[in-house]
Amino acid sequence: MKQKEQTIQIRYGKNAFPPERHGAWIDLAIPEAVHMERGEFRILPFNISMKMPDGYEGHIVPRSSTCKNWGLLMADSMGIIENDYCGDDDVWGFPAYATRTVTIPEGTRIAQFRIERIMGPIKFEAVPTLGYENRGGYGSTGK
C-alpha cells in the first residue's frame with residue numbers, strides 16, 4: 001500500500017543546507033565549520049526550523065558514522081521535536097559532546113531524522129502482578 005506523502009514546512013536560516021533523504025531517514029548538515037575540544041559540550045545548530053504535519057513529531061539521532069568519523073556523541077541520545085516546536089526561532093540542533101579534539105567541515109551531515117505519528121491517549125492500570133515469566137533482569141537477553 002502506497003503511503004500518503006507528508007508535507008513539512010521548513011524555514012532556512014543563514015547558510016543552512018537542505019535536508020537530504022537517504023533511505024528511511026533524512027540527513028541534517030551543519031551550516032558552518034565547527035571546532036570542538038575533547039570533553040567540550042555544545043549545541044550545534046542546523047539553522048533550520050520546521051513544522052511537522054499535524055499528528056506527527058520528529059525524531060533526531062546521530063548518523064551511524066558521526067562518532068567514528070568526528071568523535072561526537074549526541075548528549076541526549078535522541079532528540080524529540082514536538083509538533084508545536086515550530087516557530088521561526090525554534091531552530092533544530094544537535095547537542096554534541098566531543099570525545100576528541102576535532103574540526104568538522106561546513107556541510108557535514110552529522111544527524112538524521114524521521115517523522116513518527118504522535119502516540120495516542122494512554123491509560124495506566126495498576127495491577128498486583130503482570131502474570132508473565134521473568135526474563136532475568138536488565139540487560140540479560142541473549143546471555
Honestly curious: do [X] and [Y] fall in one hydrophobic cluster under the side-chain, below-4.5 Å linking rule?
X      : Y      : value
Phe17  : Phe94  : no
Tyr132 : Val127 : yes
Leu73  : Leu28  : no
Met119 : Phe124 : yes

Counting only heavy atoms not in [X], do more than 12 fall under 6.0 Å of its [atom1]?
X      : atom1 : value
Glu82  : CD    : no
Arg114 : CZ    : yes
Met78  : CE    : yes

Heavy-atom check, side chain of [X] versus side chain of [Y], under 4.5 Å:
X      : Y     : answer
Pro53  : Ile8  : yes
Arg11  : Ile48 : no
Ile104 : Ile30 : yes
Ile80  : Tyr85 : no
Asp90  : Met50 : no

Pairwise distance OG1(Thr7) to CG(Asp54) - rounded to 0.5 angstrom: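 Rounded to the nearest 0.5 Å, the OG1-CG separation comes out at 11.0 Å.
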Reported CD1-to-CD distance for the pair Ile115 and Gln6, which is rounded to 0.5 angstrom: 5.0 Å
[Y] backbone acceptor or donor facing [X] side chain under 3.5 Å:
X      : Y      : answer
Tyr12  : Ser49  : no
Asp27  : Arg109 : no
Thr108 : Ile110 : no

Kindly give the heavy-atom pair with the smallest separation between [X] and [Y], and that separation in Å.
X     : Y     : answer
Ala75 : Phe41 : CB-CE1, 3.7 Å
Pro31 : Pro45 : CD-O, 3.1 Å
Met74 : Gly79 : CE-N, 3.7 Å
Met52 : Asn83 : O-ND2, 3.4 Å
Phe46 : Ala29 : CD2-O, 3.3 Å
Pro62 : Ser77 : CD-O, 4.0 Å

Worked check of side-chain contact (heavy atoms from CB on, under 4.5 Å) between Gln112 and Val61: CA-CA 6 Å; Gln112 56 191 341; Val61 297; 3.7 Å; yes
Sole residue of Trp25, Tyr56, Trp92 in ring-ring contact (aromatic ring centres under 6.0 Å, His included) with Phe113: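 Only one of Trp25, Tyr56, Trp92 forms a ring-ring contact (aromatic ring centres under 6.0 Å, His included) with Phe113, namely Trp92.
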Residue from Met36, His35, Glu40 passing side chain to side chain contact (heavy atoms under 4.5 Å, CB included) with Thr101: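 Going through the options one by one, the only one that passes is His35.
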Criterion side-chain contact (heavy atoms from CB on, under 4.5 Å) on Leu44 and Leu72, from CA distance to verdict: CA-CA 11 Å; Leu44 305 180; Leu72 293 184; 4.0 Å; yes
